[in-house]
Amino acid sequence: MKILITAGPTREPIDPVRFLSNRSSGRMGYALARAFVKQEHQVLLISGPTSLDVPDHVDYLPVESAQDMHDAVAHALPRVDIAIFCAAVADYTPVEVAPQKIKKSDDTITLTLKKTTDILGSARSVHGFTGFLVGFAAETEHLEAHARAKLIAKHCDMIIANDVSQSGIGFDSHDNEVLIVEAEENTKLPRDSKEHLAHHLATIILQRHASKRGTE
Ligand code: CTP
């Protein structure tokens, strides 16, 4: 099976030395990549900048901005069976990138931002992806309701939701606790290391993909 995984944060440039980003460590996506490789699947890992070692035996494509990640994903999607969007993609990016370092002048400064392309949201509707589509949802409240809304809006087969308001799990942590939201059911995976969770998630994703293909 060919599996695309996006991971890590994106960096949105402000000027040649500055960017907007977020606290994503990339650990969940890298752990998933290792879990699928261990089960002898072919993984393309499209990753924003992280401090992690590149997992063995994956095809690794480093990117920086949301636009770079979008372009790499759009190019790869026609060739994969399963696509898992784990990356914490910036929702907004500066309208203009200053060609030179912005010098300190006024007491306040205003950055104007524009929406980035929703990579997951465009996988089916724009790029016509027909494989098994998995998104992540980082929420601070109404976990199931928000995840279910994303499942429908982004035409996913599965959303893996985590509550980022709880300390010690999710963003920039070694552990996670997730709620798997699918059309007909929800499955809770209790707190565990991202490494262990990744193996459970990989197994569940492969099972669901197989049963979806069986009913097509
Ligand atoms: N995502 C994406 N491209 C974006 C933004 C998000 O592919 N420009 C993907 C993420 O990789 C994740 C899913 O969409 O799989 C949900 O991301 P999340 O940040 O939870 O939700 P948003 O759609 O950005 O909505 P909001 O921030 O309003 O909750």
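When a ligand or atom number is given, it counts from 1 through the structure's own listing order. As a basis for the values below, the full set of heavy atoms in this structure was taken, side chains included, without hydrogen atoms, waters or symmetry mates. Quick caveat: nothing in here was measured; it's all calculated off a predicted structure.
Taking distance alone, with nitrogen or oxygen atoms compared against 3.5 Å, A88 stays at or beyond that limit from ligand 1. In terms of N/O distances under 3.5 Å, ligand 1 is not approached by A137. On a distance-only criterion, G135 and ligand 1 share no N/O pair closer than 3.5 Å. Annotation: V89 places no N or O atom under 3.5 Å from an N or O atom of ligand 1; distance criterion only. For the pair T117 and ligand 1, the shortest N or O to N or O distance falls below 3.5 Å. Considering backbone and side-chain N/O atoms, A87 comes within less than 3.5 Å of an N/O atom of ligand 1. Looking at ligand 1, you won't find any N or O of C86 less than 3.5 Å from one of its N or O atoms.
Nearest protein neighbour of atom 13 (C) of ligand 1, counting heavy atoms only, is F136 O, 3.0 Å. Scanning the protein heavy atoms around atom 3 (N) of ligand 1, the nearest turns out to be I119 N, 3.0 Å.
Shortest non-hydrogen contact noted between V58 and A33 is CG1-CB, 4.2 Å. Residues K194 and A31 approach most closely at O-CB, 3.8 Å, considering heavy atoms.
Note on K150 versus E139: salt bridge recorded, some NZ/NE/NH1/NH2 to OD/OE distance being below 4.0 Å. Using a cut-off of 4.0 Å between Lys/Arg side-chain N and Asp/Glu carboxylate O, R34 and D53 are scored as not salt-bridged. Salt-bridge annotation for D175 and R191: present, with a side-chain N of the basic residue lying under 4.0 Å from a carboxylate O of the acidic one. Looking at D157 and K212, a side-chain N of the basic residue comes within less than 4.0 Å of a carboxylate O on the acidic one, giving a salt bridge.
Which parts of ligand 1 touch A138 is read off a 4.0 Å heavy-atom cut-off, strictly below it: atoms 20 (O). Atom numbering of ligand 1 starts at 1 in the shown order; those under 4.0 Å from a heavy atom of T116 are 8 (N). Within the listing of ligand 1, atoms 2 (C), 7 (O), 9 (C), 13 (C), 14 (O), 15 (O) sit less than 4.0 angstrom from a heavy atom of L120. Heavy-atom proximity to F85, at under 4.0 Å, picks out these atoms of ligand 1: 11 (O), 12 (C), 15 (O).
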Step by step, would you call R208 with E185 a salt bridge (Lys or Arg N to Asp or Glu O under 4.0 Å)?
CA-CA 12 Å; R208 299 293 202 267; E185 61 188 305; 3.7 Å; yes
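Of all the heavy atoms of D91, the ones lying under 4.0 Å from any atom of ligand 1 belong exclusively to the side chain. Residue-level proximity to ligand 1 for H70 is absent, since no heavy atom of it falls below 4.0 angstrom.
Which of K150, K154, M69, K115 comes nearest to atom 29 (O) of ligand 1 through a heavy atom is settled by distance: it is K150.
By the 4.0 Å heavy-atom criterion, D118 is counted among the residues contacting ligand 1.
Side chain of T116 to backbone of A90: a donor-acceptor contact under 3.5 angstrom is found.
A heavy-atom distance below 4.5 Å is not found between the side chains of N162 and M28. Put simply, the side chain of L52 reaches to within 4.5 Å of the side chain of R27, judged on heavy atoms.
Atom CZ of R23 has 12 or fewer neighbouring heavy atoms from other residues, nucleotides or ligands inside a 6.0 Å radius.
Checking atom 17 (O) of ligand 1 against the protein gives a heavy-atom contact under 4.0 Å.
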